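A short write-up of the structure that comes next.
Quick caveat: nothing in here was measured; it's all calculated off a predicted structure.
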Amino acid sequence: MKNTLLLLIFLAMVSCYSPSRNCTDFKTGSFEFETYLNGELVKTRFVRNDSIEIDYFKNEIDSSSIRWINDCEYILKNLNPKNMAEEKPLHMKILTTKGNTYTFEYSIVGETKKQKGTVIKVD
């Protein structure tokens, strides 16, 4: 009986906490993302509307199509791939939102290895 009561209290506490996900606030706009690439901190800027994302990285511009699965997930596909790796679409999922930032995870469609990052909405 005591274990059942503790389990119910634990489940009640866990179910009351759910991270904020105001994903629709991040469907369009201008964004920045920083990551380490070969030991160097690099910044990517991108502009997204409902169906297209334009990336600005190291003085190069690239475009990708967006297919929204739901308010928090979409498939990103490079429109002008330069190699086989760029032909593979990415599955993007917004995990949490807070203020002008969101945390996301992404993976190549069909693969299980996921990576995470944080994006800042600048406009």
Between the CG atom in L41 and the CG atom in N38, the distance rounded to the nearest 0.5 Å is 12.5 Å
SG (C23) and CG (D71) are apart, to the nearest 0.5 Å, by 6.5 Å
For N49 and I66 the tightest heavy-atom approach is O-CD1, 3.8 Å
One should read off an interatomic distance between F46 CZ and L76 CG, to the nearest 0.5 angstrom, of 9.0 Å
CD (E60) and CG (D55) are apart, to the nearest 0.5 Å, by 11.0 Å
Query raised in the report: Under a single-linkage definition using a 4.5 Å side-chain heavy-atom cutoff for Ile, Leu, Val, Met, Phe, Trp and Tyr, are V119 and Y106 assigned to the same hydrophobic cluster?
Result: yes
According to a 4.5 Å side-chain heavy-atom criterion applied to Ile, Leu, Val, Met, Phe, Trp and Tyr, with indirect links allowed, do I75 and M92 form part of one hydrophobic cluster? no
**Linked, directly or transitively: L95 and Y102 (ILVMFWY side chains, under 4.5 Å)** = no
Residues pairing under side chain to side chain donor-acceptor pair (under 3.5 Å) where one sits in residues 72-90, two or more places apart or in two chains, turn out to be R48-Y74, D62-N78, N70-E73, E73-H91
Self-check item: side-chain contact (heavy atoms from CB on, under 4.5 Å) evaluation trace for L90 with I108
Solution: CA-CA 4 Å; L90 296 175; I108 294 173; 3.8 Å; yes
Apply the test side-chain contact (heavy atoms from CB on, under 4.5 Å) to residues R21 and I94: give CA-CA distance (whole Å), side-chain angles for both, the deciding distance (0.1 Å), then the verdict. CA-CA 8 Å; R21 287 191 2 158; I94 298 173; 5.5 Å; no
*asked:* Applying a strict under-4.5 Å side-chain criterion to I, L, V, M, F, W and Y, I'd like to know whether L79 and Y56 cluster together.
replied: yes
Discussion item. Quick test of your reading of the model: are D25 and K121 salt-bridged, counting only N-O distances below 4.0 Å?
Written reply: no
- Inspect the surroundings of NZ in K114 and state if more than 12 heavy atoms from other residues, nucleotides or ligands are less than 6.0 Å away. yes
Report whether F57 and I120 are members of the same hydrophobic cluster (ILVMFWY, side-chain heavy atoms less than 4.5 Å apart, transitive linking). no
Rounding to 0.5 Å, atoms CH2 (W68) and OG1 (T24) come to a distance of 9.5 Å
Checklist entry - For Q115 and K113, what are the C-alpha separation, side-chain angles and deciding distance, and is it a side-chain contact (heavy atoms from CB on, under 4.5 Å)? => result CA-CA 7 Å; Q115 297 187 28; K113 181 182 176 187; 4.1 Å; yes
_Let's go through I61 and I54 carefully: what are the C-alpha distance in whole Å and the side-chain angles of both, what is the deciding distance for side-chain contact (heavy atoms from CB on, under 4.5 Å) to 0.1 Å, and is it a yes or a no?_
CA-CA 7 Å; I61 300 172; I54 302 170; 3.6 Å; yes
One should read off an interatomic distance between K27 NZ and S51 OG, to the nearest 0.5 angstrom, of 11.5 Å
Looking only at heavy atoms, the pair that brings T118 and F33 closest together is O-CD1, 3.3 Å
